[in-house]
Amino acid sequence: MYDTHCISRGQWRLLHEWFEREARDLPWRTRRTPYRVWISEAMLQQTRVETVIPYYKRFLKALPSLDALSRAEEDTLLQLWSGLGYYSRARNLGKAARVIREEHGGRFPSDPAVVRRLPGFGPYTTAAVLSLSRGVDLAVLDGNVIRVLCRLFDLDEDVSQGSVQRALQALADRSLWHGRAGLCNESLMELGALVCTPSNPVCEVCPLSAGCLSRKAGRQSELPRKKKKAPRPFYRQAVLLLLNGQGGILLRRRPARGMLGGLWELPSLRGEALERRHLPSPEKDLALQLLASVFSGSPPKKDPEFIGTLKHEYSHFGLRLESWKLEIARSVVRESGPNERWVQQEELDEVGMSASDRKILADALQAR
DNA sequence: AAGTCGGGGAT
DNA sequence: ATCCCAGACTT
């Protein structure tokens, strides 16, 4: 499709020179072992560098080696991941580490086909880890590279189309300077992150501006072209802080797969969809239903106390979280099953939880 | 090809 | 309020 286009050696030289001069000093750029690069790439999927840095440091400190990762409990991984989102990434890290320990002698494989089959390794992560840590000649295609390529060659097809993705991957493959794959990949992504940004690209300082076709046409800011996403539905959801009078809060564990899989959460109940994102103040009905479900039909006589609302947006739907508090007497405290536990407030940091529940708890306990 | 899966920062 | 981010997996 774009077979006439290719990044020239001269352009690579300009870009590499720029990278040597301007590259950020990031924790995963020192000592590029496959393990260290892998953890960074897993965390960086759909996540900004600034967000990742503290998580990365904490993770490497807790689990400094592939062997340590392969022996870590899933709860430990979810705790280290708590707040980062896309928790299947954390679960897949453990799975892949165990496969490497059991089937590859604990050494990170070098064969791209083998790596690609590991849980959590798609085309991007396979190419990134192997090129950056082992110098394997594989070209990455991520959001940054897509943007830079579309602008550099003034490509205005819809990049969400599979055919266009394949053509861009082929262009990246063809452009790769063999023997310098890691540097090519990283400099291209760094350019996308620092200069060729989604809005307001800084073309004045771009090492590739002289040959940039979209800039010549004056439409670099309109690229890459992609179709708009569908509007997301919006629901109300009641959330319950059930306190046992001794500093304990009831948490439940979510199913191992799916949304927020394996994480602990406050008991909650999804309500009906909202037409508008603004609605009159929450009513107690949903909270009472929730309470009934928690106590399986015979809730305490006392009514829960309203704490507040919090809006939370996920990638494909939004929530208005309506949180309620109820302190129950010791005689009323229900037994907790295997997927439930009473957690002391001081222990909350040691539990893998979603960002929204952590915020609700922080707000509620702060106010006490 | 389309939907699922988090969360936060920039605009 | 919308978009975007060093994407992968399921259907």
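These numbers come from a predicted model, not from an experiment. The figures that follow rest on heavy atoms only: side chains count, while hydrogens, waters and symmetry mates do not. All chains are named by letter (A, B, ...) in the order of the sequence lines, taking the proteins before the strands, and each is independently numbered beginning at 1.
Counting to the nearest Å, the P atom of B/dG6 and the CD atom of A/Gln237 are 13 Å from each other. Protein atom CZ of A/Arg257 is 13 Å distant from nucleotide atom P of B/dC5, rounded to whole Å. For A/Arg91 and B/dC5, the CZ to P distance is 10 Å, given to the nearest whole Å. Following rounding to the nearest Å, A/Arg225 (CZ) and C/dC3 (C1') show an atom-to-atom distance of 16 Å. Put simply, NE2 on A/His312 is 10 Å from P on B/dG6, counting in whole angstrom units. Rounded to whole Å, atom P of B/dC5 lies 16 Å from atom CD of A/Glu313. Counting to the nearest Å, the C1' atom of B/dG7 and the CG atom of A/Leu260 are 11 Å from each other. Nucleotide B/dG6 holds its C1' atom 14 Å from the CG atom of A/Leu310, rounded to whole Å.
A gap of 15 Å separates the P atoms of B/dG6 and C/dT11, to the nearest Å. Nucleotides C/dA8 and B/dG9 place their C1' atoms 23 Å apart, quoted to the nearest Å. When the P atom is used for both C/dA6 and B/dT4, the distance is 24 Å, rounded to whole Å. The separation of C/dC3 from B/dG3, taken at their P atoms, amounts to 16 Å, rounded to a whole angstrom.
Nearest-nucleotide assignment on DNA chain B puts the 5′-proximal partner with A/Arg166, out of A/Gly261 and A/Arg166. If you find the closest nucleotide of DNA chain B to A/Ser163 and to A/Asn200, the one lying nearer the 5' end belongs to A/Ser163.
In this structure, A/Phe108 and A/Phe121 have tilted ring planes: the angle between them lies in the 30° to 60° band.
Applying the ring-ring contact (aromatic ring centres under 6.0 Å, His included) test to pairs two or more places apart or on separate chains, none has a residue in residues 249-271 of chain A.
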> Does the pair A/His312 and A/Tyr314 meet the rule for a ring-ring contact (aromatic ring centres under 6.0 Å, His included), with working shown?
Replying inline: CA-CA 7 Å; A/His312 195 73; A/Tyr314 290 104; 4.7 Å; yes
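Just one of A/Cys6, A/Ser131, A/Cys184 meets the side chain to side chain contact (heavy atoms under 4.5 Å, CB included) condition when paired with A/Leu176; it is A/Cys184.
Judged by distance alone, the side chain of A/Arg147 and the main-chain N or O of A/Cys196 form a donor-acceptor pair under 3.5 Å. A donor-acceptor pair is defined here as one N or O able to donate and one able to accept, closer than 3.5 Å; no such pair exists between the side chain of A/Asp357 and the backbone of A/Glu265.
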>> Generate the contact string for nucleotides 4-11 of chain C. Rules: B means base contact, S means sugar-phosphate contact only, - means no protein heavy atom under 4.0 Å.
In response: BBBBSS--
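A/Tyr124 and A/Glu41 form a side-chain donor-acceptor contact under 3.5 Å, judged by distance and modelled atom types alone.
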